[in-house]
Amino acid sequence: MGKKIIIVGGVAAGASTAARLRRMDEEAEIIMVERGEYISFANCGLPYYVGGVIEQRKRLLVQTPTSMHRRFNIDVKTNSEVQRIIPDEKVVIINNTLSDQSYRESYDYLVLCPGASPIIPDIPGVHQPNVFTVRNVPDSDVIKQHIEVKRPAAAVILGGGFIGLEMAEMLNKRDIKVTLVEASNQLIGVLDSEMAAIVHNYLQNQGIELCLSDRAVSFEGSSSVETVILDSGKSIQTDMVVLGIGVKPEAWLAAEAGLAIGSTGGILVDEYLRTSDPYIYAAGDAIQVKDFITGQDILLPLASPANRQGWLIANNLCGRPSKYSGAQGTAIVKIMDMTVAVTGKNEKALRKLGWVYQTCHAQPNSHATYYPGATQMMAKLIFSPEDGKVFGAQIVGWDGVDKRIDVLATAIRAGMTVFDLQELELAYAPPFSSAKDPVNMLAYAASNVVLKDIEIVHWPEVPEHLAQGAFLIDARTPQEFKHGAAYSAYNIPVDEIRDRLDEIPQDQEILVYCGQGLRSYIVNRILRQKGYNAKNISGGYELYKYQL
């Protein structure tokens, strides 16, 4: 008789554990307990079902209890909730939520994959029927029905993270006026502020209203929310509210069983994903993990790490010891036609840790510009100024963002430097890339900093430099300059720089920018070799205009 394994939770981590277990051990007795009606559903696809992009509800269901049993011989118990764990007896108490009957089930090993629950703010009116969360299939059913029956004209979304933005796009697609309310001063907290500013500009141009550095304090209305009152005093008329503030780990079951809980509030696990009880493992949104780059304890509610963790637990249970090396937070979101992607650490996180780092920006095109359809992206690399080791990357753009962030995510996992990125031989043909891929271009820009061929200044630092006497050069053409320039900039086009050196003070710091950074880099190289104290403003005017 094989060992008996109970898995609590049947979505990403739980389903991954179960399927891998069966592939590794045909004799094991595997029981999956899921408190909802559905298992192995695509919760990342829920907003797209609400918006009608995914038309058929069944497309969200990767596996059903019947298909899971038929293919993997797994006993799936839906509408069943584990109410208590008794570790000393290796028993769980399960309640059937339909019959309200409870029973005991023994185990040899227990795997906890309970996920995370939406954060519900303590706001008057939050439990009104037109206030929604987006966490599971029934949630999306309720929202979809509300839209189709009530025909709302306006919606307020609380929270500017990935779910909030995906819902904003989907509601906008259904001709609903959307207002996004975010307590911090920017959307997408994993982005640095100058990159988030590009997203803000785009959303506003698409007709989505942003209320940043503000929060809801009251939902007003008799039988449903009709007005959202913000802390600033602003009132917003609405027909529905979507909560996208975030999630918190479902760790209460583990805590009540006496299992160790980490400093973040997630279930504490070791590198083999074992809890403080050697017969109980845990995975997914409910656990505390190590940040791959910094070694910090973090929560990271993402599907890819959850699936990986479930796969590793199955290996460990079947005598193939496998360590989880940590998470680096690679993520991507589609916002209408725009794509936003991140991997690794951002400046805010590294600054908080006191790490020494440097950044650079590049604005390469998705493919060769002479081939039709090329679009520009804003790419940011965060790296060590000492050896060029890559710490993080962020890209905002249109086409080709996904494959570039994946290359950079792989580079971080491999411990690569900006010099290694220069060496990458990436696929090139005019419809797909350029001879120097955007990843290569970003690496060349970063290596210039590491090698001290150039010094970087960022736009937020420029006013202080100017106050101390710096001279600001705009290296674009007179036509570009005429249509907008940074305050107090002096226009000397790159192709005229050698002939106009007498206009550039030799006893002052020289700051140079252009449209995207290439022409100002060339000016910097000329000036530095002629003895000037020249520095390049990262991101150029294209980045500057989003800071206005």
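Using modelled atom types, one finds a donor on one side chain and an acceptor on the other under 3.5 Å when comparing H458 with T359. Side-chain atoms of S538 and H361 include a donor-acceptor pair closer than 3.5 Å. Using modelled atom types and a 3.5 Å distance limit, the side chains of N365 and T369 yield no donor-acceptor pair. Donor-acceptor pairing under 3.5 Å is recorded for the side chains of E503 and Y490. Between S447 and Q422, the side chains place a donor N or O and an acceptor N or O closer than 3.5 Å (distance only, hydrogens not considered). Between the side chains of T343 and Q328, a donor-acceptor pair is found at a separation under 3.5 Å. Remark: the D192 side chain and the Q394 side chain contain an N/O donor-acceptor pair separated by less than 3.5 Å. Judged by distance alone, the side chains of S520 and R525 never bring a donor and an acceptor atom under 3.5 Å apart. Donor-acceptor pairing under 3.5 Å is lacking for the side chains of S140 and R135. Q186 and H200 form no side-chain donor-acceptor contact under 3.5 Å, judged by distance and modelled atom types alone.
Between R151 and D239 there is no salt bridge, since no side-chain nitrogen of the basic residue lies less than 4.0 Å from a carboxylate oxygen of the acidic one. Taking 4.0 Å as the cut-off between side-chain N and carboxylate O, D495 and R519 do not count as a salt-bridged pair. Taking a cutoff of 4.0 Å between a charged side-chain nitrogen and a carboxylate oxygen, D297 and K290 qualify as a salt bridge. E347 and K380 are joined by a salt bridge, as a carboxylate oxygen and a charged side-chain nitrogen come within less than 4.0 angstrom of each other. Here K452 does not pair with E455 in a salt bridge; the nearest charged N to carboxylate O distance is not below 4.0 Å. Ion pairing of D387 with K389 is absent here, as no side-chain N (NZ or NE/NH1/NH2) approaches a carboxylate O to less than 4.0 Å.
For CZ of R500, the number of neighbouring non-hydrogen atoms (other residues, nucleotides, ligands) closer than 6.0 Å is greater than 12. No more than 12 heavy atoms of other residues, nucleotides or ligands sit less than 6.0 Å from atom NZ of K530. Within a 6.0 Å sphere centred on OH of Y371, other residues, nucleotides and ligands contribute 12 heavy atoms or fewer. Within 6.0 Å of CZ on F432 lie no more than 12 heavy atoms contributed by other residues, nucleotides or ligands. Remark: E148 CD is packed, more than 12 non-hydrogen atoms of other residues, nucleotides or ligands lying under 6.0 Å away. Heavy atoms from other residues, nucleotides or ligands lying under 6.0 Å from CZ of R528 number more than 12. No more than 12 heavy atoms of other residues, nucleotides or ligands shown are found within 6.0 angstrom of CZ on R498.
The two residues E166 and K334 have their closest heavy-atom pair at CG-O, 4.4 Å. Between L302 and D285 the shortest heavy-atom distance is N-OD1, 3.7 Å. L212 and N185 make their closest contact through CD1-O, 3.6 Å (heavy atoms, listed as atom of the first residue, atom of the second, distance).
Cation-pi geometry between R308 and Y324 is not met at under 6.0 angstrom from the ring centre and within 45 degrees of the axis. Judged by the 6.0 Å distance and 45° axis criteria, K144 is positioned over the aromatic ring of Y49.
Between L158 and V242, the closest side-chain pair of non-hydrogen atoms is not below 4.5 Å. Looking at M240 and H146, their side chains come closer than 4.5 Å, going by heavy atoms from C-beta outward. The side-chain heavy atoms of L527 and L501, taken from C-beta on, include a pair separated by under 4.5 Å. Two residues are said to be in side-chain contact when any heavy atoms from C-beta on lie closer than 4.5 Å; I510 and V523 fail this criterion.
Side-chain atoms of R351 do not come within 3.5 Å of backbone N or O of N346 as any donor-acceptor pair. With D214 contributing its side chain and A183 its backbone, the two residues share no donor-acceptor pair below 3.5 Å. Judged purely by atom type and a 3.5 angstrom limit, S434 has no side-chain atom pairing as donor or acceptor with the backbone of D437.
Each of I382, T417, I412, I293 was scored for a side chain to side chain contact (heavy atoms under 4.5 Å, CB included) with V390, with one residue passing: I412. The only option from T179, I123, V241 that meets the side chain to side chain contact (heavy atoms under 4.5 Å, CB included) definition with V228 turns out to be V241.
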Step-by-step salt bridge (Lys or Arg N to Asp or Glu O under 4.0 Å) determination, E209 to K234: CA-CA 13 Å; E209 183 178 353; K234 181 175 182 175; 2.2 Å; yes

Worked check of ring-ring contact (aromatic ring centres under 6.0 Å, His included) between Y202 and W398: CA-CA 12 Å; Y202 176 70; W398 315 99; 5.2 Å; yes

